[in-house]
Amino acid sequence: MTFVKGLKCRECNQDYPKQPIHVCETCFGPLEVVYDYDRIKSSISREKIASRPNNLWRYRELLPIDGEPKVGLYSGYTPLIRAYRLGEALGVKQLYIKDDSVNHPTFSYKDRVVSVAISCAIEFGFDTVSCASTGNLANAVAAHAAKAGLNCYVFIPDGLEQAKIIGSTIYGPRTISIKGNYDDVNRLCSEIGDKYDWAFVNVNLRPYYSEGAKTHAFEIVEQLGWKIPRHIVVATAGGTILPKLAKAFNELKRVGLVEDGECKIYSAQASGCDPVIQALKKGTDLISPVKPNTIASSIAIGNPADGYYVVKTIQETGGWGESATDEEILDGIKLLASTEGIFTEPAGGTEVAVTKKLVQQGRIPRDEPTVICITGNGYKTIEAVAGIVEKPFCINADLKNFDDLYNQLNQPSREKAVAGKR
Ligand SMILES: *Cc1c(COP(=O)(O)O)cnc(C)c1O
Ligand SMILES: [Zn+2]
């Protein structure tokens with residue numbers, strides 16, 4: 001049973017039947033899935049959702065599948081954590097972390113979009129799935145394709161972190177590393193997509209893929225007791241998730257799962273790749289592409305496909321955006337780890353660093369429910385932090401050795417003792 005009416009062009013409103021296409025034939029605008037909200041309203045309820053398994057398919061009426069979900073049966077439903085200690089550090093009373101760093105099975109928000117895209121790919125009859133990726137997407141596509149028994153080709157820029165590469169190749173896809181950055185990868189993939197009859201999750205299946213991002217917001221609202229937060233901060237790469245958070249909040253109201261609530265949405269980018277923030281600050285929705293230069297490789301997209309809609313959504317919701325330098329990103333990673341015990345990658349460090357700025361600027365007030373989306377996992381990007389953490393102290397397996405070290409570490413001038421030991 002499906003509640004999908006079809007696809008609609010976001011620019012000229014032309015309707016299309018549900019099929020694996022992503023641009024309007026008339027105006028080249030992007031296509032989006034439309035639903036029969038009245039029928040969903042009479043079919044869905046909080047109780048029905050609560051009775052379902054803890055995965056992203058619990059909101060299936062608002063997802064574009066016809067039959068039963070094919071993959072992602074353990075994806076989504078990640079923790080929403082009340083972040084008391086980080087909140088104190090940032091001066092925010094009601095702070096939450098939506099922790100997609102522990103998404104199943106590949107530890108980033110991409111497990112959501114890929115679960116939906118590959119379920120649709122199977123329904124459309126594809127036998128090969130593919131993607132253009134900055135790393136996390138390739139990991140998710142490779143893993144979910146393996147689980148579904150599909151052929152898989154993933155395309156990544158060269159120079160990615162070791163764990164992001166092995167985190168794809170271990171699942172047995174063909175991994176193609178392109179000499180260049182993500183924007184070069186993406187350009188090649190649209191040519192490959194024209195020639196090969198594959199399901200490119202973020203190209204020809206993009207309308208379905210991007211719907212999966214809504215589940216991040218659905219879960220936040222359910223986990224807050226069916227309340228929409230006042231502020232939410234999320235990183236922007238290609239621009240998929242940010243507009244879909246807004247769409248998700250609106251849909252929950254439209255189908256009667258929440259009565260009211262408005263959420264301001266904020267974009268976080270790295271200073272070394274912040275085309276959306278630059279446009280936002282210039283007051284234009286025209287994105288000028290940039291050449292990425294940042295440690296935040298997973299969000300290093302210089303020409304974001306949906307950048308225009310990110311700016312529009314920020315303006316419509318009354319949010320804002322900021323960028324963070326590599327140094328601020330590393331501080332953000334350390335701050336999250338040392339206050340909440342969560343190890344995120346540079347994209348998450350960006351989300352923390354930007355939240356800190358927005359609070360300092362007074363854009364996010366200190367007394368309203370605020371969610372930081374943590375979209376990726378730090379174990380994949382060890383290289384980024386290897387140089388900024390304290391090295392282990394190496395001693396013999398001897399109690400006297402440890403006593404000496406302990407006394408040194410706990411001398412009044414601790415810094416000196418630590419320095420001396422190195
Ligand atoms: C892909 C990604 C994002 C956001 O990407 P969008 O394309 O803007 O949806 C954020 N964080 C991480 C870790 C990612 O991998
Ligand atoms: Zn159109």
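The figures here come from the full heavy-atom set of this structure, side chains too, leaving out hydrogens, waters and symmetry mates. Note that ligands are numbered from 1 as they come in the structure, with each ligand's atoms numbered from 1 the same way. We number each residue from 1, following the sequence as shown.
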Element-labelled atoms of ligand 1 that are located less than 4.0 Å from some non-hydrogen atom of [X]:
| X | value |
| --- | --- |
| Gly238 | 6 (P), 7 (O), 8 (O) |
| Glu345 | 13 (C) |
| Tyr109 | 1 (C), 2 (C), 3 (C), 4 (C), 5 (O), 6 (P), 9 (O) |
| Thr236 | 8 (O) |
| Ser298 | 13 (C), 15 (O) |
| Asn136 | 13 (C), 14 (C), 15 (O) |

| query | With the Zn ion (ligand 2) at the center, what angle do SG from Cys24 and SG from Cys27 span, rounded to 10 degrees? | reply |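 The two atoms form an angle at the metal of about 120°.
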Closer than 4.0 angstrom, basic N to acidic O: yes or no for [X] and [Y]?
| X | Y | result |
| --- | --- | --- |
| Glu123 | Lys18 | yes |
| Glu340 | Arg85 | no |
| Glu161 | Lys164 | yes |

| Looking at Ala270 and Ile299, what are the two nearest heavy atoms and their distance? |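 Smallest interatomic distance, heavy atoms only, reads N-CD1, 4.3 Å.
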| Exercise: identify the closest heavy-atom pair between Ile65 and Ser119 |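 Smallest heavy-atom distance, with atoms named: CG2-CB, 3.9 Å.
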Indicate, with yes or no, if the rings of [X] and [Y] have centres closer together than 6.0 Å.
| X | Y | result |
| --- | --- | --- |
| Phe3 | Tyr35 | no |
| Tyr379 | Phe343 | yes |
| Trp198 | Phe126 | no |

| Hey, is ligand 1 close enough to Ile299 that some N/O pair sits below 3.5 Å? |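 Between Ile299 and ligand 1, no N or O pair is found under 3.5 Å apart.
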Name the closest protein heavy atom to [atom], giving the residue it belongs to and the distance to 0.1 Å.
| atom | answer |
| --- | --- |
| atom 10 (C) of ligand 1 | Thr375 OG1, 3.4 Å |
| atom 5 (O) of ligand 1 | Ala237 CB, 3.3 Å |
| atom 2 (C) of ligand 1 | Lys110 NZ, 2.4 Å |

| said: With a cutoff of 4.0 Å, is Gly239 in contact with ligand 1, counting heavy atoms of the residue only? | reply: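 Yes; Gly239 lies near enough to ligand 1 that a heavy-atom distance drops under 4.0 Å.
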| Side chain, backbone, both or neither: which part of Thr134 has a heavy atom under 4.0 Å from ligand 1? |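 It is neither part, as no heavy atom is under 4.0 Å.
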| message | Checking side-chain hydrogen bond (donor to acceptor under 3.5 Å, both in side chains) between Thr78 and each of Thr215, Asp99, Asp100, Asn103, which is the one that passes? | response |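 Exactly one option meets the side-chain hydrogen bond (donor to acceptor under 3.5 Å, both in side chains) with Thr78, and it is Asp100.
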